[in-house]
Amino acid sequence: MLKRTQTCGQPRISDVGQTIIVNGWVNSYRDHGNLVFIDLRDRKGLVQLVFDPEKYPQVHKIARTLRCEWVIGAKGKVRPRGQGMENPRLATGQIEVAVEELEILNQAKTPPFEIDGSASVGEETRLQYRYIDLRRPEMLSKLAIRHRVTKIARDYYDSNGFWEIETPMLGKSTPEGARDFLVPSRLYKGSFYALPQSPQLFKQILMVSNVDRYFQIVRCFRDEDPRADRQAEFTQIDVEMSFVQSEEVMRMNETLIVRIFKEILGVNVPLPIREMTYAQSVEEYGIDRPDLRFEMKLKTITDIASACSFKVFTDTVKKGGIVKGLCVPGGAKYSRSDIEVGFTAFVTDLGAKGLAWFKVAPDETTGKLGLKSSIAKFFTPEQQQQLITKFEAKNDDLILMVADEAATVNKALAPLRVKLGKELGLCDSNKFEFVWVVDFPLFEWNVNENRFDSLHHPFTAPVPEDLPKLETDPGHIRSQAYDLVVNGSEIGGGSVRIHDPQVQAKVFDLLKITRQQAQDRFGFFLKALEYGAPPHGGIAFGLDRMVMLLTNTDNIRDVIAFPKTQRGQCLLSEAPSTVDQSQLDELNLRVQKHLHQMEEKEKSGS
RNA sequence: GGGGCCGUAGCUCAAUUGGUUAGAGCAUCGGAUUGUCGAUCCGAAGGUUGAGGGUUCGAUCCCCUUCGGCCUCGCCA
């Protein structure tokens with residue numbers, strides 16, 4: 001075999017005169033009857049091969065039969081391209097290889113889509129033929145960036161004394177949290193392992209074991225419906241540290257993230273990353289992961305709304321709801337139907353009952369800024385001025401408002417703010433606004449179950465001064481949790497953990513996890529805490545989302561080599577699939593047909 | 001489990017209120033071609049309109065069912 005002496009992307013003008021061998025895929029061929037040109041592709045780039053019928057007629061004859069995606073080896077002399085024939089778009093564009101020997105290493109079927117094609121190809125086809133899709137330089141570069149991120153992370157943690165330690169993939173199922181993927185046990189019939197949702201308990205136990213500093217780049221599994229930015233199996237950069245408070249965890253890990261953005265994108269992010277409380281984030285952005293690339297903050301106008309005569313607002317306030325809104329700069333350009341059909345549908349889909357609006361314009365007679373809309377008449381001139389002041393509204397702005405329970409209002413307005421920010425071009429994709437969101441509530445009240453739920457997870461420590469509230473006011477305890485947010489995307493989150501078994505027990509009580517349940521589910525872990533657990537804390541970063549930001553894609557499948565579809569299938573391997581009866585027998589499992597299938601069977605049988 | 005968009009040649013798309021033989025570009029195949037680089041020129045082939053059913057004289061188009069892809073709500077301690 002003609003074995004390469006260098007890669008396709010390598011040769012330069014300085015290599016002229018050398019005889020080299022390259023291997024790669026035929027990217028394109030241009031047959032002029034006389035000369036034949038081949039662009040040969042490997043991971044490093046493209047190089048032009050030239051076949052001359054006069055000097056090497058046999059080689060030229062074979063070259064004419066080459067087709068796209070065939071795999072070849074070519075030996076020849078590097079020579080400069082003639083005057084005016086350089087290709088500035090190729091790194092190797094100054095030179096070409098005059099081929100003297102050619103070996104076809106493999107032929108290829110015509111690919112289902114063009115690697116070079118400018119037209120975008122449907123994702124279904126790309127996933128079916130992922131190996132061809134990945135040949136596209138855009139895709140390879142995403143894989144490369146992902147590799148570099150993990151490499152930077154490993155080097156960083158290693159140099160700071162962290163050990164990478166693997167934790168089990170076959171673990172114990174815990175019913176709270178996301179749905180588990182279950183794996184039947186052959187040796188213990190009727191019992192199941194669960195794939196880890198995260199290595200949470202194991203990494204904490206490693207702290208009890210005096211590992212002191214742990215990290216792992218680890219696959220996690222949550223059997224929930226996918227979204228554009230999440231799928232059932234994903235990768236975390238998982239970290240845990242002993243004898244630390246939240247401050248140290250944040251400083252240690254933000255340095256890595258900033259280094260990654262610097263090395264991959266050349267972006268300079270000042271340290272330390274700023275912090276914002278959960279309360280402020282929810283108040284001003286309606287969500288705990290604010291996009292700080294643009295302003296357009298939400299404003300609460302409950303007080304003004306309660307004084308007006310617009311019944312929708314006053315009734316909502318009477319029932320304990322709030323009224324919040326945002327001011328869209330230059331938003332008066334939106335038509336009434338944009339607002340009353342488009343935006344209103346957008347917020348009602350998110351649970352809001354409606355969307356109130358004002359356009360800001362000068363009064364015809366006084367020339368003073370006022371509010372125009374069908375509901376303006378319910379607001380006195382003074383109230384209108386109060387609103388304009390509150391929203392810092394200017395001429396031609398648009399004020400949009402939602403009235404409802406606080407949770408509903410925020411849930412509708414936060415996505416609306418982001419949608420408008422993107423539409424108005426306020427979201428610069430080259431800008432990265434980092435923020436630590438801190439002071440999360442430890443619990444949130446679960447109305448349906450009549451109990452508290454952990455906002456983060458049940459092992460998150462309360463802030464010390466709020467500890468007494470465990471007895472008196474659990475709903476207002478702040479936790480020592482922190483989320484790292486970039487441009488409205490949560491890329492990591494963690495906390496200082498509870499290391500006191502008594503506090504842990506109290507938290508379980510509030511979550512209405514009985515001692516028996518706690519023992520059954522986390523007994524091994526609680527026991528470990530009793531044998532001298534150091535104060536410890538950690539964090540986990542979503543590698544997939546981080547790489548999405550670094551590669552400027554909003555599709556998680558673009559940053560995973562072999563991703564799953566919306567319905568959890570791998571279109572390449574066609575997983576999941578049925579299995580042989582003998583496999584089921586070994587596991588003592590029986591597959592039950594769906595109810596509707598059984599009904600149909602009964603019908604056809606009778 | 002709910003809502004929305006989509007499915008036509010290998011790929012990306014078109015096809016008038018429901019009306020002749022379902023078209024185009026790229027790819028493919030054949031031929032031509034003296035330096036191209038998204039080569040060019042000439043020609044050819046390529047279709048169960050995702051599948052099944054219904055309405056109709058007639059369905060890519062309307063209706064129902066179903067499969068698949070994407071987005072989203074719920075869900076994601």
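Keep in mind the model is a prediction, meaning the values are calculated, not measured. Chain letters run A, B, ... following the sequence lines, proteins first and then strands; every chain starts at 1.
Checking B/rC70, B/rU36, B/rC73 against the side-chain heavy atoms of A/T565 singles out B/rC70 as nearest. When distances run from any side-chain atom of A/D225 to the nucleotides B/rC11, B/rG1, B/rG68, the shortest one goes to B/rG1. The side chain of A/H32 approaches B/rU34 more closely than any other nucleotide in the set B/rG1, B/rU28, B/rU34. Checked against B/rG35, B/rC73, B/rG69, the side chain of A/E124 finds its nearest nucleotide in B/rG69. In the set B/rG35, B/rC75, B/rU28, B/rC75 carries the atom at the smallest distance from any side-chain atom of A/E224. For A/R67, counting side-chain heavy atoms from C-beta on, the closest listed nucleotide (B/rC29, B/rC37, B/rG35) is B/rC29. For A/R227, taking side-chain heavy atoms from C-beta onward, the closest of the listed nucleotides B/rA27, B/rC76, B/rU72 is B/rU72. With B/rA39, B/rC76, B/rU72 as the choices, the nucleotide that has an atom nearest any side-chain atom of A/A178 turns out to be B/rC76. The A/E123 side chain lies nearest to B/rC70 when the options are B/rC70, B/rC37, B/rC73. When the nucleotides B/rG10, B/rU36, B/rA77 are ranked by their closest atom to the side chain of A/M85, B/rU36 comes out on top.
In this structure, CD of A/Q566 is placed 9 Å from C1' of B/rU72, rounded to the nearest angstrom. Between A/H456 atom NE2 and B/rC76 atom C1' the separation is 14 Å, expressed in whole Å. When rounded to the nearest whole Å, the span between NZ of A/K411 and P of B/rC73 equals 6 Å. Going from atom CD1 of A/I95 over to atom C1' of B/rC37 covers 13 Å, rounded to whole Å. The interatomic distance linking A/Q236 (CD) with B/rA77 (P) rounds to 10 Å, in whole Å. Summarising the geometry, the separation between CD on A/Q231 and P on B/rU72 is reported as 14 Å, rounded to the nearest angstrom. Summarising the geometry, the separation between CD on A/Q94 and C1' on B/rC37 is reported as 14 Å, rounded to the nearest angstrom. Distance CG (A/D133) to P (B/rU12): 12 Å, rounded to an integer number of Å.
The base of B/rU34 is not paired with the side chain of A/R30 by any donor and acceptor separated by under 3.5 Å. In terms of polar N and O atoms assigned as donor or acceptor, the side chain of A/R230 comes within less than 3.5 Å of the base of B/rC76 in a complementary pairing. Between the side chain of A/Q569 and the base of B/rG68 there is no donor-acceptor pair of N/O atoms closer than 3.5 Å. Taking only distance into account, the side chain of A/R81 meets the base of B/rC37 through a donor-acceptor pair shorter than 3.5 Å. No N or O donor and acceptor, one from the side chain of A/R64 and one from the base of B/rG31, sit under 3.5 Å apart.
Here A/R557 contributes atom CZ and A/R126 contributes atom CZ; the two are 9.0 Å apart, rounded to the nearest 0.5 Å.
For the P atoms, the distance from B/rG3 to B/rC61 is 23 Å, rounded to whole Å. If you take atom C1' in B/rU8 and the same atom in B/rG2, they sit 30 Å apart, rounded to whole Å. For the C1' atoms, the distance from B/rA39 to B/rC26 is 14 Å, rounded to whole Å. Only the C1' atoms considered, B/rU36 is 15 Å distant from B/rC41, to the nearest whole Å. The same atom, C1', is picked in B/rC76 and in B/rG1; the two are 16 Å apart, to the nearest Å. Nucleotides B/rG53 and B/rA14 have their P atoms positioned 27 Å apart, rounded to a whole Å. B/rA32 and B/rU20 have their C1' atoms separated by 37 Å, with the value rounded to a whole Å. To the nearest whole angstrom, the two C1' atoms, one in B/rG43 and one in B/rC37, are 25 Å apart.
Remark: B/rC5 base-pairs with B/rG69; criterion is Watson-Crick or G-U wobble with both hydrogen-bond distances under 3.5 Å. Nucleotide B/rC57 has B/rG19 as its partner under the Watson-Crick or G-U criteria, with both atom distances under 3.5 Å. In a base pair of the Watson-Crick type (N1 to N3 plus N6-O4 or O6-N4) or a G-U wobble (N1-O2 and O6-N3), with each distance short of 3.5 Å, B/rA24 is matched with B/rU12. In a base pair of the Watson-Crick type (N1 to N3 plus N6-O4 or O6-N4) or a G-U wobble (N1-O2 and O6-N3), with each distance short of 3.5 Å, B/rG35 is matched with no nucleotide.
Contact annotation for A/D31: base contact, defined as any heavy-atom pair under 4.0 Å involving a base atom. Nucleic acid contact class of A/R451 (heavy atoms, under 4.0 Å, all strands): none. Base engagement by A/S198 is indicated by at least one non-hydrogen atom pair under 4.0 Å involving a base atom. The residue A/E86 sits close to a base: some heavy atom pair falls under 4.0 Å. Heavy atoms of A/G84 sit nowhere under 4.0 angstrom from any nucleic acid atom. At the heavy-atom level, A/T174 lies nowhere under 4.0 Å from the strands shown.
In summary, the aromatic rings of A/F522 and A/F459 are positioned with their centroids under 6.0 Å apart. A centroid separation of 6.0 Å or more is found between the aromatic rings of A/F37 and A/F51.
Ring stacking is absent between A/F113 and B/rC11, as the pair misses the limits of under 5.5 Å between centres and under 30 degrees between planes.
Checked by atom type and distance alone, the side chain of A/Y482 never pairs as donor or acceptor with a backbone atom of A/G493 at under 3.5 Å.
Heavy-atom contacts from other residues, nucleotides or ligands closer than 6.0 Å to CH2 of A/W436 number more than 12. Taking a 6.0 Å sphere around NZ of A/K527, one finds it holds 12 or fewer heavy atoms contributed by other residues, nucleotides or ligands.
Between A/Y278 and A/F440, the ring planes are tilted. Angles from 30° to 60° get that label.
A/K172 forms no cation-pi arrangement with A/Y193, by the criterion of a distance under 6.0 Å to the ring centre and an angle within 45° of the ring axis.
By the 4.0 Å N-to-carboxylate-O rule, A/E86 lies too far from A/R81 to be salt-bridged with it.
Of the two residues near RNA chain B, A/T110 and A/D39, the one whose nearest nucleotide lies more 5' is A/T110.
Between A/R567 and B/rG69 there is a side-chain N or O to OP1 or OP2 distance below 4.0 Å.
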